[in-house]
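Here the structure is a predicted model, which means the values were calculated and not measured.
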Amino acid sequence: MISPAGAMAATMTSSAGYAWGALPFSYILAIIAGTLLMNTTVWYSMKVASSGGYYAYVFAAVGPRWGVICGMMFILSYFNVVTNGILFVGGVFFPGFIQTMTGATYADKAWIGIMFAFILLIYILAFLGIRASLDYSLVIGTFEPLFMFACTLAVVIKVGSRNTGQVFHPSLAPTRADIAIAALLSLFSISGYSAVAFLGEEAKNPRKQIPIAVILAYSSVALLFFFMSYGLTVGWGYKNMSQFSASLDPGVIVYKRYLTPVIGWFMVILILNAMFLGSLAPLNSCARLIFAFAREGLIFPKIFAIVDKKQNPIVSTAVVDFLAAIISLIAGLAMGTYDGFVMLVTTSSLSLYVGHIIANLTLGGFYHRQKQLNWFFHVIVPVIASILVGFSIFFTMYPYNPVTLACPIWTGVWLILSIIGAYLTPRERLNTAQLRFERVQDIMGATYVKLQGSTTLNKDEPELSVEQENFQSSHMPQQSHNTLSNKYVDDELIASIHE
């Protein structure tokens, strides 16, 4: 999900805590790295259409084992988007906006109640079903980017002579390591464009539409967030940016100062809404990824594959929601709410980009098998992108920083456990997952060269599980000749059949 108001309040603010007055410069670095990362998404989406996104790309490139490992990294990332979101709302944003807008304060531990109320609301909407969640996201979030652009433009105009190019100098950051961490967090804030990759089974012509959508989404997000970072920096005063993140709700303060208190209050509503949607979407994604793995007997036990009458993965959703609340509570109590938030959001970004690195490093092999290898786009660019991201990851470990050091440790342990789990998974389960994946690709009209030894099912007579057969017989309408019908269950296309 793309949420400029949420990013301004959360990720952009945490990035400013490291970059200080060089925040716009950190976004330039992030945009360069993001453009190189986008290359992999575009090239994969030209060949592979799937609701699995990046782990489906790795599935197609090197098979189910590393596809599972890549998927596990996205599960950790989505999980920690939920954890950092609810901790931020309860422990950072809520007390900050109360103080900023009213001057009032409340008990130190009141954030715990607010956080649990927030996660409960998210769970209720998730329980209503993913379609309700997506409809809400579409209706409420349509105008937000334009509104944020207009408000930022107004700030830049009112700043007048204080507009400056000094904000593009890295020396304004405390250290080079801080710039690297700020760039990583800035990159994470503009990563919402990658959600387009998960719509491969819903687009009418995915191999044409998804690459174009990725490019357009990334370009608009990158430019908007860069402009917002500049407006907030000059609006706050680039020489005073060391105090920016410590102010809890600095974005609201800037817009309230240069515009009106009404705009400030409206910004608070937008941010709360953005954080709500920004936690709901990854909760759905994380739960459904876990469900899909459990259904195939991969990593997670079968109990996580239980669904309700609406095909919502009720067990995995409930477990993710509960664990997110517990992890956020522990992080907030042990590290303080702001440092706990920074640790969780950094962990989410690290795991996300480990998943991206896996996809990057398999792109060349995939296109070599197609006999369409382009060394520049399929090998050199992905390797450079991986090195740039790896460089930022390194600086979360060195020099020593007690807040960020836990992030690579947690991510590394999760990666190791994922590799062990994938390699302990019986071959027949991996083969079943591969067959299902290849079947969906055939139904979607895939023409890429598959892995040697993979078996393809007849696309006119797909083997369906009992659950899918029931779904198809009860929900699929009668079709005329040469008409395609797309029905989804458990996030997977189950029928698109010529009759």
Side-chain angles (χ1 to χ4, degrees), residues 1-3 6-7 10-11 37 41 50-58 67-89 118-119 122-123 125-127 130 133-134 137 184-185 187-199 274-295 298-300 304 312-328 331 341 343-359 407 410-411 413-415 417-418 421 490-491:
M1 177 190 164
I2 298 169
S3 174
T11 320
L37 286 170
T41 311
S50 174
S51 62
Y54 294 90
Y55 92 87
Y57 297 158
V58 178
V68 167
I69 294 168
C70 182
M72 289 294 290
M73 300 315 298
F74 278 88
I75 286 174
L76 179 61
S77 179
Y78 294 148
F79 176 76
N80 278 302
V81 173
V82 180
T83 60
N84 80 66
I86 63 175
L87 181 57
F88 175 80
V89 169
F118 188 66
I119 191 67
I122 293 170
Y123 176 74
L125 189 52
F127 184 76
I130 191 168
S133 305
L134 292 175
S137 303
L184 185 71
L185 292 170
L187 180 60
F188 185 63
S189 72
I190 60 177
S191 65
Y193 77 92
S194 62
V196 177
F198 293 85
L199 301 177
M275 297 308 300
F276 183 59
L277 295 179
S279 298
L280 174 62
L283 173 64
N284 279 327
S285 299
C286 183
R288 296 182 83 83
L289 265 176
I290 292 173
F291 157 79
F293 281 8
R295 180 188 56 194
L298 304 175
I299 307 294
F300 297 95
F304 286 94
N312 297 317
I314 54 174
V315 174
S316 59
T317 300
V319 171
V320 169
D321 194 80
F322 174 76
L323 290 179
I326 297 303
I327 294 296
S328 300
F341 156 70
M343 185 274 291
L344 293 171
V345 74
T346 306
T347 301
S348 183
S349 63
L350 288 188
S351 51
L352 176 74
Y353 288 113
V354 169
H356 274 275
I357 288 172
I358 294 172
C407 308
W410 188 359
T411 304
V413 169
W414 183 266
L415 176 60
L417 292 176
S418 299
D490 307 340
D491 254 2

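- In this structure, CG on Asn80 lies 4.0 Å from CH2 on Trp410, to the nearest 0.5 angstrom.
- With rounding to the nearest 0.5 angstrom, the CG atom of Leu283 is 6.0 Å from the CD1 atom of Ile119.
- Counting heavy atoms from C-beta on, the side chains of Asn84 and Met343 never come closer than 4.5 Å.
- In this structure, the side chains of Trp414 and Thr347 stay at 4.5 Å or more apart for every pair of heavy atoms.
- Between Tyr55 and Leu289, the closest side-chain pair of non-hydrogen atoms falls below 4.5 Å.
- Of all heavy-atom pairs spanning Ser77 and Leu352, the tightest one is OG-CB, 3.3 Å.
- Checking side-chain atoms of Thr411 against main-chain N and O of Cys407 turns up a donor-acceptor pair under 3.5 Å.
- The two residues Ala359 and Val58 have their closest heavy-atom pair at CA-CG2, 3.9 Å.
- The structure places CD1 of Ile86 at 7.0 Å from OG of Ser279, a figure rounded to the nearest 0.5 Å.
- Here the CG atom belonging to Leu76 is positioned 10.5 Å from the CG atom belonging to Leu417, to the nearest 0.5 angstrom.
- Rounding to the nearest 0.5 Å places CG of Leu37 at 9.0 Å from CD1 of Ile190.
- Thr41 and Tyr54 share a donor-acceptor pair across their side chains, judged by distance under 3.5 Å alone.
- Residues Ile75 and Cys286 share a closest heavy-atom pair of O-SG, 3.6 Å.
- Summarising the geometry, atom OG1 belonging to Thr317 is positioned 11.0 Å from atom CZ belonging to Phe304; distances are rounded to the nearest 0.5 Å.
- The two residues Cys70 and Gly355 have their closest heavy-atom pair at SG-O, 3.6 Å.
- Taking the side chain as every heavy atom from C-beta outward, Leu323 and Thr83 never approach each other to under 4.5 Å.
- For the pair Leu184/Tyr353, a side-chain contact is recorded, criterion being any heavy-atom separation below 4.5 Å from C-beta on.
- Nearest heavy atoms, Val320 versus Phe79: O-CE1, 3.7 Å.
- Phe188 and Ser191 make their closest contact through O-OG, 2.6 Å (heavy atoms, listed as atom of the first residue, atom of the second, distance).
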